[in-house]
Number of protein chains: 2
Amino acid sequence: MSAKRVRRASKTSLPSIYDVAERASVSVFTVSAVINKSHQVSVRLRRRVETAIKELDYRPNLLARSLAKRHTHTIGIIVPDISNPFFPLIVRGVEDSAQNAGYSTFLCNSDDRQEKEEQYLELLLSKRVDGILLTKTHEPLSPVQRRILSDTKVPVVLMMRTCRGFNTDAVVTDDFHGAFEAGAHLARLGYQKIGLVSGPLDVSNGRARKQGFLKALKAHHLPSDESLMVEGDYRVESGYRAGLTLLPKRPQAVFVANYLMTTGFMKAAEEIGMRCPDDFGLVSFDDYPWLGCFHPRLTTIDLPKYEVGVEATCVLLQRIKGMTGRPTVRTLTPQLVVRESCGFSLRIKENRAKPEVATVGDQNPFVPVLQFRENDGNNLERTKI
Amino acid sequence: MSAKRVRRASKTSLPSIYDVAERASVSVFTVSAVINKSHQVSVRLRRRVETAIKELDYRPNLLARSLAKRHTHTIGIIVPDISNPFFPLIVRGVEDSAQNAGYSTFLCNSDDRQEKEEQYLELLLSKRVDGILLTKTHEPLSPVQRRILSDTKVPVVLMMRTCRGFNTDAVVTDDFHGAFEAGAHLARLGYQKIGLVSGPLDVSNGRARKQGFLKALKAHHLPSDESLMVEGDYRVESGYRAGLTLLPKRPQAVFVANYLMTTGFMKAAEEIGMRCPDDFGLVSFDDYPWLGCFHPRLTTIDLPKYEVGVEATCVLLQRIKGMTGRPTVRTLTPQLVVRESCGFSLRIKENRAKPEVATVGDQNPFVPVLQFRENDGNNLERTKI
DNA sequence: TTGTAGGCGTTATCAA
DNA sequence: TTGATAACGCCTACAA
């Protein structure tokens with residue numbers, strides 16, 4: 001029974017800790033000890049082990065290690081779609097800070113579909129990830145998901161979207177105030193008939209962005225005309241259709257709740273033959289480095305995407321390390337970036353803006369943020385950090 | 001020795017196959033058999049096992065499974081930077097087809113740095129991925145990497161960039177012909193003094209794009225003026241600097257070898273006060289769905305990014321399944337997308353274009369591809385497939 | 001300081 | 001068809 005560990009001829013597969021031990025004429029314990037620096041090992045033996053490792057080109061099997069130690073040093077991350085330009089930066093934030101802490105990440109795309117989300121949740125759990133970062137689909141937590149997430153103690157933190165009935169940590173951007181700023185900016189520029197292309201109202205930040213906008217209208221004593229508000233789904237196509245229905249009503253300005261929809265909206269405007277900002281002002285939500293390079297240069301609410309990833313990872317890692325306490329929601333502050341699509345300079349020139357209306361918040365929208373952002377390109381926006 | 005498997009109280013951690021076996025009063029073999037459908041099991045036992053699984057909310061431990069089966073059904077993918085808009089779609093292509101085949105993917109960012117690349121290669125190997133998809137950094141394969149990749153039989157397939165001295169499968173886009181088309185298009189429009197902002201020349205596709213461009217000049221009997229060519233590194237900043245040095249020389253047109261650099265280039269043009277396409281024509285490399293929505297609407301060479309991911313995964317999966325044979329290089333065809341930055345309509349109007357110059361290839365550049373692309377937004381460009 | 005041997009949760013072989 | 005039981009490769013008491 002003791003000789004059973006004479007072990008395989010090592011030609012069969014990759015070298016194991018036993019092969020190293022044999023070659024160095026030590027026990028597996030010693031090998032393990034030097035690899036993990038978990039115990040003091042005499043220099044002599046250590047040397048022998050190290051050279052054996054080199055000679056064999058030994059590489060520890062992380063599967064076995066994880067199995068034995070019961071944690072994988074891996075976190076799972078589920079986003080709707082990595083090819084939606086909104087998510088790469090979040091993911092990058094996650095990976096950077098995870099790697100920094102010695103964790104690696106497993107990426108999944110849910111396509112915003114409950115079914116895929118469930119499936120991936122199962123997979124991640126089966127792979128025994130230590131924690132999960134999740135941008136929930138628009139659907140509420142299903143019973144299955146609830147069971148999945150409850151009967152295991154794998155910590156989950158939500159990103160960008162909260163989920164009613166799912167009381168867990170979350171890191172989001174302050175979309176309410178962001179949208180408020182967007183609406184307020186438009187109002188201060190003297191626009192009175194302002195339209196809205198909102199995100200899906202069954203998503204927390206879709207609601208928040210609409211409510212913030214409405215609040216701004218109210219704060220500036222502007223009527224809120226439901227006929228000027230159309231609900232989109234954050235996708236290009238819905239922005240396009242929104243433009244087709246909204247633009248003919250001749251709004252003076254419009255707030256579009258994300259970049260993809262803005263993209264579609266502009267396309268519609270072009271087809272209809274309306275120009276921005278000449279024929280209508282526009283503020284978009286979420287910023288990208290290339291937005292300052294093409295026309296109309298978009299005025300936006302910049303969301304700290306990378307930071308969302310970083311913060312979410314930070315919280316998750318703490319939970320993994322055993323932090324207890326009630327779930328927390330961390331809210332990151334977005335920022336108004338004034339360029340030209342809002343018609344800023346136009347309105348100023350025409351003296352239509354109303355600087356007398358009090359600026360809400362500490363932001364002075366009359367200081368255009370037009371300077372070139374130094375990005376290193378490959379690492380795109382991260383230099384903002 | 002036989003009773004040793006009475007096993008833990010199951011409160012300690014997640015239920016194992018033993019817990020299921022015990023509860024169903026069967027052996028672990030039976031449980032394993034029903035889970036994997038690997039053997040015939042009588043309905044009676046199967047039922048018992050299935051209900052036990054439900055009741056315990058048992059979830060197989062993939063770590064243990066992988067350890068025993070010696071494969072993980074996981075592939076690693078290393079790209080320079082997921083937050084560079086070029087890569088998300090490739091990654092998406094990979095994930096989709098991998099998942100389709102029952103594989104999951106592990107994403108890593110090398111930041112185009114040899115060091116991180118090596119580090120991640122080690123990690124992936126330690127995690128025992130079944131194969132690796134790699135977009136090599138600009139540096140050549142290091143001795144370490146060579147050893148890493150050789151002494152293990154984990155198949156590797158290169159994406160987008162080949163690597164001299166590293167003879168393995170690869171899936172790339174035909175950048176030579178893409179760049180040729182770009183240059184030829186400009187030449188046919190009657191431009192004579194054409195500048196180039198190339199990618200890094202130590203990257204295979206950086207070279208290819210330059211050479212294709214030069215070939216086009218030659219084909220159209222245009223002189224190639226080295227002073228009009230500047231080498232960038234694919235990043236925004238380098239495009240910006242290139243613009244600053246190139247534009248004052250008043251080129252009639254310019255070919256910029258990727259999107260990020262184009263972005264910087266446009267910024268420079270704006271600062272200098274030159275307008276596109278009025279003051280200079282421009283063709284960019286690599287297309288994005290939003291390019292048709294802002295001005296100047298970029299004329300580009302569209303790269304089938306998603307397909308690169310799909311094809312690469314396909315090859316890799318075959319290798320994993322044991323396909324032998326010499327390494328192959330699959331080359332995907334890019335496509336000229338004519339919009340307005342090249343000055344197409346301007347030149348036509350002014351009668352400066354030279355339609356008499358033979359069109360090279362089957363592409364007719366005088367058919368502007370301006371129609372709205374139907375994208376579903378969240379899944380962005382993938383609808384092109 | 002070093003070694004021995006059992007356990008982590010599966011699969012797989014060989015009997016029964 | 002089922003059941004024991006030995007791998008898989010690593011960690012870690014417990015001993016020495």
Side-chain angles (χ1 to χ4, degrees), chain A residues 1-10 12-22 24-49 53 56 58-73 125-128 152, chain B residues 1-10 12-22 24-49 53 56 58-73 125-128 152:
Chain A
M1 188 94 315
S2 52
K4 84 179 179 187
R5 283 300 200 185
V6 181
R7 304 300 298 275
R8 110 185 87 46
S10 146
T12 313
S13 75
L14 270 28
S16 81
I17 201 173
Y18 277 88
D19 299 306
V20 177
E22 185 179 351
S25 307
V26 299
S27 74
V28 291
F29 169 85
T30 308
V31 178
S32 179
V34 345
I35 291 175
N36 303 301
K37 304 185 201 313
S38 53
H39 295 263
Q40 283 288 25
V41 175
S42 67
V43 262
R44 270 187 54 248
L45 291 201
R46 165 138 30 92
R47 289 258 191 287
R48 270 158 48 191
V49 170
I53 287 181
L56 256 28
Y58 166 77
R59 215 181 315 279
N61 182 328
L62 259 30
L63 293 171
R65 173 150 46 223
S66 294
L67 183 58
K69 301 200 70 163
R70 275 104 139 269
H71 62 247
T72 52
H73 264 229
L125 258 21
S126 280
K127 280 184 175 284
R128 298 296 190 261
T152 170
Chain B
M1 189 91 318
S2 54
K4 84 178 178 188
R5 282 303 199 185
V6 182
R7 304 300 298 274
R8 107 185 91 42
S10 148
T12 313
S13 76
L14 270 30
S16 82
I17 201 172
Y18 276 88
D19 299 307
V20 176
E22 185 179 352
S25 307
V26 298
S27 73
V28 291
F29 169 84
T30 309
V31 179
S32 180
V34 345
I35 291 175
N36 303 301
K37 305 184 200 313
S38 54
H39 296 264
Q40 284 288 25
V41 176
S42 66
V43 261
R44 270 188 53 250
L45 292 200
R46 166 138 28 91
R47 289 258 190 287
R48 271 161 44 194
V49 169
I53 287 180
L56 258 27
Y58 166 78
R59 215 183 315 279
N61 182 328
L62 260 29
L63 292 172
R65 166 129 78 209
S66 293
L67 183 58
K69 302 199 70 161
R70 274 106 136 266
H71 62 246
T72 52
H73 265 229
L125 258 22
S126 280
K127 279 184 175 285
R128 298 297 190 260
T152 171

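Remember, it's a predicted structure, so these values are computed and weren't measured experimentally. Lettering of chains follows the sequences in order, A, B, ..., and the numbering in each one begins at 1.
- The distance between atom NZ of Lys127(A) and atom P of dT10(C), rounded to the nearest whole Å, is 14 Å.
- Here dC8(C) presents its P atom at 13 Å from CZ of Arg128(A), a figure rounded to the nearest Å.
- Nearest approach of Arg46(B) to Val41(B), heavy atoms of both residues: NH2-O, 3.2 Å.
- What separates NE2 of His71(A) from P of dG7(C) is a distance of 21 Å, to the nearest Å.
- Regarding Ile17(A), its CD1 atom lies at a distance of 11 Å from the C1' atom of dT12(D), rounded to whole Å.
- Counting non-hydrogen atoms under 4.0 angstrom, Leu62(A) reaches nothing in the nucleic acid.
- Contact record, Ser126(B) with Pro60(A): OG-O, 3.3 Å, taken as the closest heavy-atom pair.
- For residues 32-42 of chain B, proximity to DNA chain D is found at Gln40(B), Val41(B), Ser42(B), defined as any non-hydrogen atom under 4.0 angstrom from a strand atom.
- Residue Thr30(B) is the one, among Thr30(B) and Lys69(B), whose nearest nucleotide of DNA chain D lies closer to the 5' end (criterion: closest heavy atom).
- Mapping Ala68(A) and Arg65(B) onto DNA chain C via the closest heavy atom, the residue that lands nearer the 5' end is Ala68(A).
- Rounding to the nearest 0.5 Å gives a distance of 14.5 Å between NE2 of His71(B) and CZ of Arg128(B).
- The side chain of Ser16(B) has dT10(C) as its nearest neighbour among dG9(D), dT10(C), dG3(D).
- Contact check, Ser27(A) against dG3(C): a side-chain N or O comes under 4.0 Å of OP1 or OP2.
- Comparing the start and finish of the helix from dT1(C)-dA16(D) to dA16(C)-dT1(D), five pairs each, the helix axis swings through 40°, to the nearest 10 degrees.
- Ser66(A) meets the side chain to side chain donor-acceptor pair (under 3.5 Å) test with no other residue; sequence neighbours excluded.
- Across all strands, Leu45(A) comes closer than 4.0 Å only to sugar-phosphate atoms, never to a base (heavy-atom distances).
- Spacing between atom CZ of Arg46(A) and atom P of dT1(C) amounts to 11 Å, rounded to whole angstrom units.
- Contact detail for Val31(A) and Val26(A): the closest heavy-atom pair is CG2-CG2, 3.8 Å.
- Remark: P of dG9(D) and CD of Glu22(A) are 14 Å apart, rounded to the nearest angstrom.
- With sequence neighbours excluded, the residues satisfying side chain to side chain donor-acceptor pair (under 3.5 Å) with Arg59(A) are Asp57(A), Glu122(B).
- For Ser32(A) against Ser38(A), the heavy-atom pair with the smallest separation is O-OG, 4.2 Å.
- The OH atom of Tyr18(A) sits 9 Å away from the C1' atom of dT4(C) (whole-angstrom rounding).
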Grab the N/O contacts between the protein and nucleotides 14-16 of chain C below 3.5 Å, and write none if there aren't any.
none

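- Considering OG1 of Thr72(B) and CG of Leu62(A), their distance stands at 11.5 Å, rounded to 0.5 Å.
- Taking atom CG on Leu14(B) and atom C1' on dC8(C), their separation rounds to 13 Å, with Å as the unit.
- Here Val28(A) lies in heavy-atom contact (under 4.0 Å) with a base.
- In this structure a side-chain-to-backbone donor-acceptor pair under 3.5 Å is missing from Arg47(B) to Arg44(B).
- Residue Leu67(B) holds its CG atom at 13.0 Å from CZ of Arg65(A), rounded to the nearest 0.5 Å.
- Residues Ile17(A) and Tyr58(A) come closest through the heavy atom pair N-CE1, 3.6 Å.
- For the pair Asp19(A) (side chain) and Ser16(A) (backbone), a donor-acceptor distance under 3.5 Å is present.
- For Thr30(B), the side chain to side chain donor-acceptor pair (under 3.5 Å) partners are Ser27(B), not counting sequence neighbours.
- Between Ser13(A) and dG9(D) there is a side-chain N or O to OP1 or OP2 distance below 4.0 Å.
- In terms of phosphate contacts, Tyr58(B) brings a side-chain nitrogen or oxygen within less than 4.0 Å of OP1 or OP2 of dT10(C).
- Residue contacts for Arg59(B): at a heavy-atom cut-off of 4.0 Å it reaches the sugar-phosphate backbone alone, with no base atom in range.
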